[in-house]
Amino acid sequence: MNLATKNIIIQNQTFILTNQRAVFWVKEKALILSDLHIGKTAHFRKNGIAIANHIMKSDLERLSVLIEYFLPEKFIVVGDLLHAGDNSDVDEFCSWKRQYSQISFYLVEGNHDRISKALEEKLCFNYKAEHLEINGIVFLHDFDTAHPKFQITGHIHPGIVLNSAVKNIKLPCFIQTEQQLLLPAFSEFTGLDTKNIPKKGKYFVFTDSEIHEL
């Protein structure tokens with residue numbers, strides 16, 4: 001796995017974007033990501049669609065590399081940790097997570113996070129709520145136009161279309177505006193939305209080896 005990074009400034013603090021669909025907040029030692037959709041492959045298999053579970057394994061392997069690289073103290077998921085409640089993929093995620101019990105685990109609930117009390121205990125959160133605020137920065141799954149503070153959000157799975165003479169290429173991206181940092185979906189098993197993204201801002205498009213600002 002190639003790891004490329006790019007520093008940006010939010011509220012006079014350094015955040016490190018990565019081409020592995022996550023961002024690291026230096027001051028808070030927090031690894032931040034959105035839309036893991038754990039359990040999506042198992043949900044498809046349960047409904048008769050043959051999807052290999054190596055997709056989720058790959059996501060967790062990338063996440064392990066990021067943890068080993070940044071050594072975070074906090075792990076913040078900005079919604080849609082899960083896809084369809086409890087299933088065998090969730091068991092695998094919990095086994096993976098036990099390696100990192102020293103990291104505080106925060107979940108900002110997304111629209112897919114239907115979590116029973118039993119499942120909440122199984123996942124061992126340090127914090128679970130519809131929003132989280134740390135040092136004046138608010139974490140929400142989806143952007144709230146009525147909220148006055150800077151927001152870090154997910155939900156949209158943002159993408160950009162790059163036009164060329166040969167063909168158009170659709171790539172995931174981060175988007176930074178005056179009010180928001182929109183994160184890409186961490187899971188590679190997601191679509192990309194190129195229409196419902198902020199129209200003004202900085203677009204950070206990434207490939208397997210690079211991050212480009214547009």
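- Taking a 6.0 Å sphere around CD of Gln99, one finds it holds more than 12 heavy atoms contributed by other residues, nucleotides or ligands.
- Interatomic distance, His155 NE2 to Asp80 CG, rounded to the nearest 0.5 Å: 7.5 Å.
- Listed by first and then second residue, the side chain to side chain donor-acceptor pair (under 3.5 Å) pairs involving residues 6-21 are Gln13-Trp25 (not counting sequence neighbours).
- For the pair Phe24 and Pro72, the minimum side-chain heavy-atom distance is below 4.5 Å.
- Atom CD in Glu130 sits 11.5 Å away from atom NE2 in His141 (nearest 0.5 Å).
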Side-chain polar contacts of residues 64-71 - donor-acceptor pairs under 3.5 angstrom, sequence neighbours left out - could you list them?
unit_1, atom_1, unit_2, atom_2, d
Ser64, OG, Leu60, O, 3.2
Ser64, OG, Trp96, NE1, 2.7
Ser64, OG, Tyr100, OH, 3.0

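- Residue Glu92 is tested with Lys57, Arg98, Lys97 for a salt bridge (charged side-chain N to carboxylate O under 4.0 Å, His left out); the sole match is Lys57.
- Ile211 and Ile10 fall within a single hydrophobic cluster, where Ile, Leu, Val, Met, Phe, Trp and Tyr are joined by side-chain heavy atoms under 4.5 Å apart, directly or via other members.
- Nearest heavy atom pair, residue Pro198 against residue Thr177, reads CB-CG2, 3.8 Å.
- A side-chain donor from one of His212 and Glu210 sits under 3.5 Å from a side-chain acceptor of the other.
- Between the CG atom in Leu132 and the CG atom in Leu107 there is a gap of 10.0 Å [rounded to 0.5 Å].
- Between Phe206 atom CZ and Cys173 atom SG the span is 7.5 Å, to the nearest 0.5 Å.
- Cluster annotation: Leu31 and Val108 are assigned to distinct hydrophobic clusters (Ile/Leu/Val/Met/Phe/Trp/Tyr, side-chain heavy-atom contacts under 4.5 Å, transitive).
- A salt bridge is absent between Lys200 and Glu178; no separation between the charged side-chain nitrogens and carboxylate oxygens falls under 4.0 Å.
- The cluster map of Ile, Leu, Val, Met, Phe, Trp and Tyr, joined by side-chain heavy atoms under 4.5 Å apart, puts Leu123 and Tyr127 in different clusters.
- Each of Val138 and Ile175 belongs to its own hydrophobic cluster when Ile, Leu, Val, Met, Phe, Trp and Tyr are linked at side-chain heavy-atom distances under 4.5 angstrom.
- Using a distance-only test at 3.5 Å, with no hydrogens or angles considered, a donor-acceptor pair links the side chain of Gln151 to the main chain of Asp144.
- Under the 4.5 Å side-chain heavy-atom criterion for Ile, Leu, Val, Met, Phe, Trp and Tyr, Val78 and Phe174 are members of the same hydrophobic cluster.
- Note that the NZ atom of Lys27 and the CG atom of Asn135 stand 5.0 Å from one another [nearest 0.5 Å].
- Considering only heavy atoms from C-beta on, Asp35 stays 4.5 Å or farther from Leu183 through its side chain.
- When each of Val23, Leu140, Ile137 is checked for a side chain to side chain contact (heavy atoms under 4.5 Å, CB included) with Ile152, only Ile137 meets the rule.
- Side-chain contact between Leu36 and Asp59 is absent, with no heavy-atom pair separated by less than 4.5 Å.
- Rounding to the nearest 0.5 Å places CG of Asn126 at 11.5 Å from CZ of Phe75.
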